[in-house]
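Worksheet: one structure, shown below.
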Number of protein chains: 2
Amino acid sequence: MLDVTRRTADPDEGQATVADTASRPQPRYGTRPTMKDVAARAGVGLKTVSRVVNGEPGVTPDTEQRVQDAITALGFRRNDGARILRKGRTASIGLVLEDLADPFYAPLNRAVEEVARAHGALLISGSSAEDPDRERELALALCARRVDGLIVIPAGHDHRYLEPEIAAGVATVFVDRPAGLIDADVVLSDSFGGARDGVAHLIAHGHRRIGFIGDRPGIHTATERLRGYRAAMADAGLPVDDAWLSLGPTAPERVRTEAVRMLAGPRPVTALFAGNNRVTATVVRVIAGRPRPVALVGFDDLELADLLSPGLTVIAQDAVRLGRTAAERLFRRLDGVDEPPRRVELPTRLVVRGSGELPPAED
Amino acid sequence: MLDVTRRTADPDEGQATVADTASRPQPRYGTRPTMKDVAARAGVGLKTVSRVVNGEPGVTPDTEQRVQDAITALGFRRNDGARILRKGRTASIGLVLEDLADPFYAPLNRAVEEVARAHGALLISGSSAEDPDRERELALALCARRVDGLIVIPAGHDHRYLEPEIAAGVATVFVDRPAGLIDADVVLSDSFGGARDGVAHLIAHGHRRIGFIGDRPGIHTATERLRGYRAAMADAGLPVDDAWLSLGPTAPERVRTEAVRMLAGPRPVTALFAGNNRVTATVVRVIAGRPRPVALVGFDDLELADLLSPGLTVIAQDAVRLGRTAAERLFRRLDGVDEPPRRVELPTRLVVRGSGELPPAED
DNA sequence: TAGAGCCTGGACAACGTTGTCAACACCGGC
DNA sequence: GCCGGTGTTGACAACGTTGTCCAGGCTCTA
């Protein structure tokens with residue numbers, strides 16, 4: 001008896017069965033079989049199918065086998081949407097970042113994914129393209145999908161739109177940049193300290209006129225890094241000329257123009273500090289085309305940075321750790337830990353490779 | 001009268017209302033308000049709320065305002081899970097790739113995201129980590145969430161597990177590598193042609209002994225590229241020594257070992273062809289440490305490749321176009337286009353930068 | 001052999017939304 | 001004053017699943 005049942009579940013047999021059930025309503029193409037269909041085919045009740053699918057006890061091996069056979073024959077797959085609706089939790093979290101393809105954020109994305117996976121959750125991530133409206137739209141879309149938690153790399157400065165969501169129980173953690181106008185967990189890199197160390201490194205190698213090219217002033221990390229720059233200069237008692245500073249979009253054209261400008265004139269800068277990886281990539285190209293060496297320290301590491309000549313000296317952030325820390329914090333919240341929001345700041349690391357140790361060029 | 005109603009819905013008033021409704025069941029912390037709650041508060045029927053939320057016609061401005069006020073006061077957000085359950089379509093697609101953080105796949109991911117966004121769909125992407133079981137697990141999890149379509153960069157070679165899903169109407173497109181044992185749309189780069197061109201380029205610059213280091217032999221692109229290598233050598237009438245060939249994991253240690261081996265001995269290779277970006281990154285480092293120049297062409301472009309000295313000559317694939325093409329194909333399917341599965345092959349591009357034009361070193 | 005207790009299985013409601021349909025009020029024209 | 005039409009609104013079922021609860025059959029013991 002059992003053997004016969006087993007053979008019925010053979011894929012080939014499954015196809016054959018489609019034909020002989022033409023009389024009763026049969027799932028059409030584009031329609032998925034439901035537990036009801038499985039139950040009908042196996043000749044059992046709906047709940048019994050549910051029990052089998054979820055591995056709940058209280059089903060005889062014989063019945064279970066019949067159900068399993070019906071499942072494979074029909075190609076049934078549980079509808080998680082309905083399951084979630086019933087159970088309340090979605091076992092998924094959302095991640096809003098600036099650009100999925102950015103070499104800094106992609107590893108962060110991956111790190112969050114791994115933590116989510118370890119907790120049995122699915123990650124849904126999307127790009128805000130540095131647009132506050134799009135960030136909001138995306139975050140709220142994720143909330144509408146009822147993600148259990150949200151990790152956000154802010155593009156905007158006002159996150160009060162998340163208040164109802166947070167009040168409703170959506171755990172929320174901000175990464176890389178702090179939240180605006182709401183109180184929430186934040187995981188950051190020490191942008192200020194990193195930039196200060198990087199600039200101090202240049203100063204230690206004899207530079208006095210140092211340029212700073214960073215991202216748009218609205219971006220927290222950009223202003224923090226500029227603050228670090230100013231602190232290092234002030235610590236060394238060096239004056240800062242406004243012409244050495246430039247915050248703005250990181251489009252290659254602008255960065256190129258600014259770098260060229262700072263390197264021209266009677267008293268050019270002898271070193272540059274690049275505020276992030278996109279800026280660094282452009283600045284490296286500008287410098288490469290110059291006869292006179294220019295020292296450079298960049299914020300964020302780059303692939304192949306060690307192979308340039310000179311090697312690229314950078315302030316490295318640990319994107320993976322940033323993502324992992326944020327995700328772990330999120331899941332601790334989801335596990336019910338209730339403590340006041342915390343601000344975690346991860347240290348950066350100076351990676352010495354050559355470009356930051358070049359001496360100032362003679363005037 | 002109307003004015004009074006409006007004021008009742010004012011957010012501040014909303015708080016006050018919480019207190020005076022202590023008698024009837026009130027949403028607790030962690031519980032989201034539903035349309036029923038909104039309807040009760042606005043003093044209208046459930047369906048009217050639905051109409052307002054979905055911008056359907058047939059609601060007077062007065063009623064609509066009352067509902068809107070109740071919505072903001074309660075912080076209501078539509079539960080898309082329930083909506084999806086009712087409507088059937090989820091307006092979301094899934095993407096299974098090897099590694100979200102891989103510099104080749106991350107832009108592909110982003111490109112798919114943009115197309116999805118343009119079609120009003122959400123993208124859920126995840127990493128298979130080159131593990132067939134994990135690929136399967138992830139793809140089926142996405143199907144259980146009822147994504148409307150699926151884009152897969154295969155890790156395994158048997159995708160029959162997707163047959164029930166495809167039969168049930170989940171549009172499926174494979175990218176970068178062909179599907180295994182099922183008939184489906186595929187979008188590929190011309191790995192064979194690209195590798196053949198790259199190796200021919202080395203041959204044209206005088207090389208006769210050329211090494212090939214690629215990914216594991218189970219991976220379609222790896223074998224295709226090796227086939228391209230063989231074709232170029234055969235076209236030039238050159239013999240191939242098995243010692244010059246190495247397919248295997250792209251872990252830096254193995255690649256380093258193999259490269260060093262090929263460059264040693266009495267008749268070392270004078271040029272190397274690297275089968276993908278990870279291999280290239282390691283080979284560049286090996287070569288950089290050698291006194292005698294070794295020519296190199298890599299498959300896949302790398303950031304900063306132009307800044308190495310010599311610049312890195314590569315066979316570039318357009319990951320963005322690959323992703324965009326696949327996504328557009330998927331949405332065409334979702335729009336109901338019914339035609340036999342198609343195989344699209346995108347051309348590669350030889351980018352000459354120096355490393356591939358080095359002449360063979362003297363023996 | 002009767003009663004107690006256990007095991008298996010199924011009927012039913014509920015999750016939050018949308019589609020269907022019918023009720024109702026109001027308007028203008030006869 | 002009545003009728004049909006129009007425009008607004010709500011009651012109800014359904015989407016596919018899971019939790020609750022109860023029925024029926026079985027075994028075991030007195």
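Keep in mind that this is a model prediction, so the values were computed, not measured. Sequence lines set the chain letters: A, B, ... in the order given, protein chains first and strands last, and positions in each chain run from 1.
The NZ atom of A:Lys36 sits 10 Å away from the C1' atom of D:dC15 (whole-angstrom rounding). Rounded to an integer number of Å, the gap from B:Asn79 CG to D:dG16 C1' is 14 Å. Between the P atom of C:dG16 and the CG atom of B:Asn54 lies a distance of 17 Å, rounded to the nearest Å. When the P atom of C:dG16 is taken as reference, atom CD1 of A:Ile84 falls 14 Å away, rounded to whole Å. Taking atom CZ of B:Arg83 as the reference point, atom P of D:dT17 lies 21 Å away to the nearest angstrom. Rounded to an integer number of Å, the gap from NZ of B:Lys87 to C1' of C:dT20 is 14 Å. Atom pair B:Arg89:CZ and C:dT17:P shows a separation of 22 Å (rounding to whole Å applied). Following rounding to the nearest Å, A:Arg77 (CZ) and D:dG16 (P) show an atom-to-atom distance of 16 Å.
Checking B:Asp69 against B:Gln65 by side-chain atom types alone, a donor-acceptor pair falls below 3.5 Å.
Residue-level contact check: A:Ser50 touches the bases, meaning some heavy atom is under 4.0 Å from a base atom. Within the 4.0 angstrom heavy-atom criterion, base atoms lie near A:Lys47. Among the atoms of the strands shown, base atoms are found under 4.0 Å from some heavy atom of B:Leu46. Among the protein residues, B:Asp80 comes within range of no part of the nucleic acid, since none of its heavy atoms lies under 4.0 Å from any strand. Using a 4.0 Å heavy-atom criterion, one finds that A:Arg51 contacts the bases of the nucleic acid, with or without backbone contacts as well. Counting non-hydrogen atoms under 4.0 angstrom, B:Val53 reaches nothing in the nucleic acid.
In this structure, of D:dT9, D:dT17, C:dT18, it is C:dT18 that holds the atom nearest to the side chain of B:Met35. Checking C:dG9, C:dG16, D:dT17 against every side-chain atom of A:Arg78, the shortest atom distance belongs to D:dT17. For B:Arg86, the side-chain atoms get nearest to C:dT17 when compared with the rest of D:dG10, C:dT17, C:dC15. Among the nucleotides C:dT17, D:dT18, C:dT18, the one closest to the side chain of B:Phe76 is C:dT17.
Considering B:Arg78, B:Arg77, B:Arg83 in turn, B:Arg78 is the only one that fulfils the side chain to side chain donor-acceptor pair (under 3.5 Å) rule with B:Asp80. With A:Tyr161 as the fixed residue, the side chain to side chain donor-acceptor pair (under 3.5 Å) test singles out one of A:Glu135, A:Arg136, A:Glu137: A:Glu135.
When the side-chain nitrogen and oxygen atoms of B:Thr34 are compared with OP1 and OP2 of C:dC15, none of them lie within a distance under 4.0 Å. Taking side-chain N and O atoms only, B:Thr48 has no distance below 4.0 Å to OP1 or OP2 of D:dT9.
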Item to check | Worked verdict on A:Arg329 versus A:Arg324 for side chain to side chain contact (heavy atoms under 4.5 Å, CB included) | outcome: CA-CA 8 Å; A:Arg329 182 121 206 99; A:Arg324 189 156 20 87; over 6 Å; no
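Checking B:Glu64 against A:Glu56, the closest nucleotide of DNA chain D that is more toward the 5' end is the one next to B:Glu64. In terms of position along DNA chain C, the nucleotide closest to A:Thr63 lies nearer the 5' end than the nucleotide closest to the other residue of the pair A:Leu85 and A:Thr63.
A:Glu165 and A:Arg145 are not joined by a salt bridge, as no carboxylate oxygen comes within less than 4.0 angstrom of a charged side-chain nitrogen.
Proximity of A:Arg32 to B:Val170: side-chain heavy atoms (C-beta onward) are separated by under 4.5 Å at one or more points.
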